[in-house]
Every structure is written in structure tokens, then in C-alpha cells.
Amino acid sequence: MRSLLFAAFCFAAGCTAQLASVDTYLSTEVPAAKAGLLANIGPSGSKSSGAKAGVIIASPSTSNPDYLYTWTRDAALVFKTLTQLYASSQDATLRTTLDDYVAAQTTLQQVSNPSGTVSTGGLGEPKFNVNLTAFTGAWGRPQRDGPALRATALIQYANWLISNGNTSYVTSKVWPVVKLDLDYTANYWNQSGFDLWEEVNSSSFFTTAAQLRALHEGATLATKLGQTSSASSYNAQIPNVYCFLQSYWNPTDKYVTSNTGGGRSGKDANSIIASIHTFDAAAGCDVTTFQPCSDKALANHKAYVDSFRSIYSINSGFASNAAVATGRYPEDVYYDGNPWYLTTFAAAEQLYDALTVWKSLGALNITSTSLAFFQQFSPSVTTGTYSSSSSTYTSLTSAIRNYADGFLAIAAEYTPSNGALAEQYEKKSGTPLSAADLTWSYAALVTANNARSGYTQASWGASGLTLPGTCVGNSGPTVAVTFNENASTVFGENIYITGSIDALSNWSTGDSLLLSSANYPVWSLTVNIPASTSFEYKYIRINNGSVTWESDPNRSYTTGASGSATIGDTWR
Ligand SMILES: *[C@@H]1O[C@H](CO)[C@@H](O)[C@H](O)[C@H]1NC(C)=O
Ligand SMILES: *[C@@H]1O[C@H](CO)[C@@H](O)[C@H](O)[C@H]1NC(C)=O
Ligand SMILES: *[C@@H]1O[C@H](CO)[C@@H](O)[C@H](O)[C@H]1NC(C)=O
Ligand SMILES: *[C@@H]1O[C@H](CO)[C@@H](O)[C@H](O)[C@H]1NC(C)=O
Ligand SMILES: *[C@@H]1O[C@H](CO)[C@@H](O)[C@H](O)[C@H]1NC(C)=O
Ligand SMILES: *[C@@H]1O[C@H](CO)[C@@H](O)[C@H](O)[C@H]1NC(C)=O
Ligand SMILES: *[C@@H]1O[C@H](CO)[C@@H](O)[C@H](O)[C@H]1NC(C)=O
Ligand SMILES: *[C@@H]1O[C@H](CO)[C@@H](O)[C@H](O)[C@H]1NC(C)=O
Ligand SMILES: *[C@@H]1O[C@H](CO)[C@@H](O)[C@H](O)[C@H]1NC(C)=O
């Protein structure tokens, strides 16, 4: 029980020993993880046979469970890791792989699938066959984080390309993919979908956080590329997504309720992964974007970790402030509910990110919200600001670094000697379990290691957001329907339309919509009507307040999934 010893007695001699063991672990595990990750990318990865070029498989496992597919979410998070390695000059050989991914996603976006076509919601499809065809079996769909995560991954590459003088490749190859994903995100962020664990169909903190980031950095990129109408449509949604993000916080119990549905506690690695995915060192400890060192994110970290202390036997005997094995969420029953490598790495990564920001700000704050988190390391500490020259700062940050390392030490203890990372490790024995060689496990180790070294990525603009006073939703995509009514009128008489939906005034005559007579006798009006919606309507004549209805029956129409439509009617 190496980690038990090191973590539990961290304030005594154990800390130095733990640091050495984590350093040793990372010195072999980081190269093993990079190799494991590349083995899972087509066409030439050693464990990804059958995968087309640029296709990132989830795992080579074909049974119990069968993960030989490409998930939009997992692949995007892995691609983000690859661009991190490439852009930070840690691996110059990755360029072809990055371009292959761009090409593969260009193809995949156009593949019709059970969620729809590219223009009717198909971008929300969670997974595809590795030969770039649709997976048509039953599944938890749609999942609305995928397009946002893919956009973020590609924007990161695009920004690198632009700053290296290759805007033309961005405009011709990368932007078209990003635009489709962001258009989808702007249209659908306010609709239910399945969470990142593919189980709960509601709204999900991770998804909303990923959408906010993608839309904001996407609007910035669009502006840079002169795509002004895209920029303004994303900018129109950003305040609403940002506002909605705040609503997941549970102020009584001081943690993020990760899903609005599902009937669980809501304590979930969902929120930890959201925090590291939307980390922006330039935003300091901003609480509204849930930065890793914000008081809410730290309180949430404690609630999340504590929820696993008593439910995994491998965690028993640890002090109540020691790092322990963590999983997805405490109610998990998948494979009987076990710790996962990628969630344990994420628990460490959030704290490394926090340490990086405190160091650059030269201080840390303790508020009533984060007090319990900090008291884990110093029971008598109180709220206040502690500058880096204070002994409290020094002892807290050193304890938090050891605590973060403790999570890696746990994972190290249960990593086999060849460095292979499966999806889970069994809660009683620590034996690797479920899918072998999970690509996301490898990526999570690589990014945690980079965070431990103080590596930060370019800002996505988290500090430049303005929170609106009230949250406005978005009912989703609309179709621009042009109503043309051929009607002869007498002087003083006008043609209006009213109908069964909000956009047509709910059959009101007083609020009915006036058509234009510019092409008399054809009267015209274009109305944005929700996509895939059936409605009834009629035209009316109004002359000095007196209303004349068309004869029965009511007219009816059903909008398509997107685009525009023109209806030609004649007065009756
Ligand atoms: C693609 O892969 C799927 C799943 O393995 C398989 O059923 C299908 O036949 C393949 N299609 C092509 C065109 O290779
Ligand atoms: C721009 O990037 C693409 C993709 O990597 C590459 O094929 C192309 O040669 C680059 N162009 C220039 C001018 O560097
Ligand atoms: C849509 O947004 C509104 C306003 O923020 C919010 O109250 C509602 O829960 C959201 N619904 C979904 C499904 O995201
Ligand atoms: C997910 O939830 C939405 C809204 O509640 C519902 O319309 C949709 O049918 C649900 N999808 C599935 C697969 O249950
Ligand atoms: C601490 O809080 C103060 C007041 O809210 C703020 O100005 C400062 O930026 C915070 N510093 C850190 C390190 O979070
Ligand atoms: C409008 O209706 C009248 C009478 O039915 C018809 O003669 C005329 O061609 C129509 N005009 C247009 C533009 O459809
Ligand atoms: C139509 O009815 C809906 C639901 O009652 C209401 O929210 C909306 O404000 C109404 N719209 C108009 C234009 O009357
Ligand atoms: C319009 O109606 C009002 C009230 O019924 C009436 O006083 C007025 O003369 C009418 N105007 C015309 C131009 O018919
Ligand atoms: C047209 O719709 C209105 C409002 O729903 C309804 O009251 C009326 O009966 C409908 N007319 C016919 C002919 O169905």
C-alpha cells in the first residue's frame, strides 16, 4: 500500500518520497501514454487496424466492451492533446496526423446518421464506425458536446496555423468544419441531450461549459477570418450560454450539479473535466467560468473527491484529507462502478492548474465557499488573501501540490508495469478493468503531466465575458418561411396573417402580422418559424379596425429541419 503510506503521512517525511515516486512514474508513463495514444489513430496506428486516416479510435477493445468506434467527444479531446504536444514543440512529427484528423472530420460531418444529416442535427451523433460510416444501432443520442469540443480542438490548431503564416489552409480546410460545428452549437445549446457518460438525457454542465468556450473562441476566430455574420450569430448566443452555465451551482451544498436530470447527487467528474477543459490562465480565479482555482471549483473538487472515499475498498484506511481513487460519479453502476484513470488524472490536473495561476498572481484567496477545501490541509486556516510571501501560502500550496501528486500516485499504483491504461481499475483490487488501452486515459495522463509542469495553453478569452442580468433561452433552429398571398384589396384595406404558433401570434387578430404590398396583388411576409414544426394559419383583411377572415378550412404547413421555404396562397 505505497500510496496509502505516502498520501496519509504527507505532512511528515512521506511527501518527498511521494514526489520522487510520481516523478519516476511519469518518466516512463508519459512516453508510454504518447505511444499508446498514437497506436490508436488510423491509418498506421499499431492497434487501430481498419481505422481510416485521422480516425482516433476510443480503444482497440472489440468485446466486453466493444469500443472500436470513433467518438466525436473522445477524439476531439485527444486531438486537443495532440495539438498541445505539437504546438508546444514537444512532438514535430504529429503534423500529418493533425491534417488527417481535419480531413476525416470533414468527411464525417457529412455522413447521414440516426441523429440526422449535417443540416438537420446529425452533428450531434456521438459515435461512428472507424471506416467513417454511420453507426446505426441504438444509442444515447444526440450528444451535444461533440461539435463544441471538435471546434475547440480545431480552433487551437487554426490559431497555431494563423500565427505561423498559414491562414489560407485555415480558411479553406479548417474553418468550414469549425463553422458547421459552431452553427450547430449556437442552434442547439439550449436543447436536451445525453451527457458525456452517455446516460442522462438533460442539460449537462460539461456540455454547456464546452459550448461556451467553443462559441467564444469561435467568434474571435470568425472575426479574425472576416466571417462577420458567423461571429455575430455566435456572439448573440454567448451571453445566454454563459448565463445558463451559472445555474448548475448548488449554493447550499457547494458543488456543481452536473446534470439537470438523472436523479443523482450531481457530484460528477463531469464538472472537474469541465474545469480543466475550460482552463484559461489569463482569467485568474474567475468563478463565473469555473476556473480551476475559483472558490466554487475548489469546493466542488472536495465534494467530488469525498464522494468516493467510502465506496471503493481500495480507498479504505486513508486519512480524510488524502488523495484517493476517483471515478465518474458515486452512483455509477457501469461494470459495478469503479475508479477510472482519466477521472483520477483530472482530479490532479485541476489542482496543478490552480497552483500555476496562484503562482502567477502571487497570492491565493480563501473564501467561505472554498474554506473547507483549504482546511483539509490546514484545519485552522481562515478566509482571506494570502500573498506568496506568507508562510500560509507556502504551506498550503506545498500541501496542495502533494495532494495533486497523490492522485497520480494512486493511478501509478494501479498501472501495470508495461504502462497500459485501461478505462477503469477495479474498486476492490485495483486491477485494470473494462476497455484496454483507452485513448482518453492516455490523453488525460499527458495533459495532467503538462499541467504539473506549469504548461498553459493560449487564452480562449474567459475573462472577456459579460454576464447578463437575466438568462435567455434559445428555442433552436428556425426556417425562414415566406408567405405570399395573392389578394386584391380596396383602398385602406391591408392583409395580415395569424396562426397557431407564437411566431404567428397565437391566432390573435390584434397582434396579427402585416404583409407587404410591394408586389401587389401579391402580399408578402417572411417569418422565422421553428424547424420541424406543424402549424395552422389564415390570412385576414383589416380595414379601419374591421376584420374579415378567409373562409375555412385553416391552412396548415410543416417546416423542414433548416433553410427556408416559400408558400404561395390565394385569398379565399
Ligand atoms: C464499415 O464498418 C462497418 C462496421 O464494421 C461495416 O459494417 C461496414 O460494412 C463497413 N463499410 C465499408 C464501406 O467498409
Ligand atoms: C499550410 O498547412 C498545410 C497543412 O499542414 C500544409 O499542407 C501546407 O503546406 C501549409 N502551407 C504553408 C504555406 O505552410
Ligand atoms: C434553456 O435556457 C433556459 C434559460 O437559461 C433555461 O432555463 C433552460 O433550463 C434551458 N433548457 C435546456 C434544455 O437547456
Ligand atoms: C431526450 O430528452 C428530450 C427532451 O426532454 C426528448 O425530446 C427526447 O426524446 C429524449 N431522447 C431520448 C432518446 O430519450
Ligand atoms: C482575491 O480576491 C480579490 C477580491 O475579490 C481579487 O481582487 C483578487 O484578484 C483575488 N486574488 C486571487 C489570487 O484570486
Ligand atoms: C392573382 O390571382 C388572380 C386571380 O386569381 C390571377 O389572375 C393572377 O394571375 C394572380 N397573380 C399572381 C401573381 O399569382
Ligand atoms: C403565444 O403563446 C405563448 C404560450 O402561451 C406565449 O408564451 C407567447 O407570448 C404568445 N405569443 C404571442 C405573440 O401572443
Ligand atoms: C373608421 O372607423 C371609425 C370608427 O368606427 C369611424 O369613425 C371612421 O369614420 C372610420 N374611418 C374611415 C376612413 O372609414
Ligand atoms: C381553425 O383553428 C382555430 C384555432 O385553433 C379553431 O378554433 C377553428 O375551429 C379552426 N377551424 C377549422 C375549420 O378547423
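We count ligands from 1, going down the list as the structure has it; atoms in each ligand are counted the same way. Please read these numbers as outputs of a predicted model, since none were measured by experiment.
Between the choices L161, V170, D99, the shortest heavy-atom distance to atom 4 (C) of ligand 2 belongs to D99.
At a cut-off of 3.5 Å, with distance as the only test, a side-chain donor of E125 or S115 sits close to an acceptor on the other residue. Side chains of W71 and Q143: no donor on one and acceptor on the other come within 3.5 Å. A donor-acceptor contact under 3.5 angstrom links the side chains of D437 and Y442, judged on distance only. No hydrogens or angles considered: a donor-acceptor pair under 3.5 Å links the side chains of T482 and T526.
Centroid-to-centroid, the aromatic rings of W340 and W440 stay 6.0 Å apart or farther.
Per-residue contacts place Y157 under 4.0 angstrom from the following atoms of ligand 2 (heavy atoms of the residue considered): 5 (O). Residue D552 approaches ligand 9 through these ligand atoms, each under 4.0 Å from one of its heavy atoms: 13 (C).
For atom 11 (N) of ligand 8, a protein heavy-atom neighbour is found at a distance under 4.0 Å. In this structure, atom 7 (O) of ligand 2 is not in close contact with the protein, since no protein heavy atom lies within 4.0 Å of it. For atom 14 (O) of ligand 9, a protein heavy-atom neighbour is present inside the 4.0 Å cut-off. Using a 4.0 Å threshold on non-hydrogen atoms, atom 2 (O) of ligand 8 counts as touching the protein.
The line from CD1 of I273 to OG1 of T343 is 7.0 Å long, rounded to the nearest 0.5 Å.
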- Query: Given the rule in the salt bridge (Lys or Arg N to Asp or Glu O under 4.0 Å) test, do K538 and D552 qualify, once you have shown the distances and angles that lead to the verdict?
  - Reply: CA-CA 9 Å; K538 264 189 186 180; D552 284 339; 2.5 Å; yes

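Among protein heavy atoms, the minimum distance from atom 9 (O) of ligand 9 is reached at N554 ND2, 4.9 Å. Closest to atom 5 (O) of ligand 9, if we only count protein heavy atoms, is W507 NE1, 3.4 Å.
The only option from L82, V55, T70 that meets the side-chain contact (heavy atoms from CB on, under 4.5 Å) definition with I41 turns out to be L82.
For ligand 2, the polar-atom distance check against N166 finds a nitrogen or oxygen pair separated by under 3.5 Å.
When heavy-atom distances to ligand 2 are checked against a 4.0 Å cut-off, K173 has no atom that comes that close, whether in backbone or side chain.
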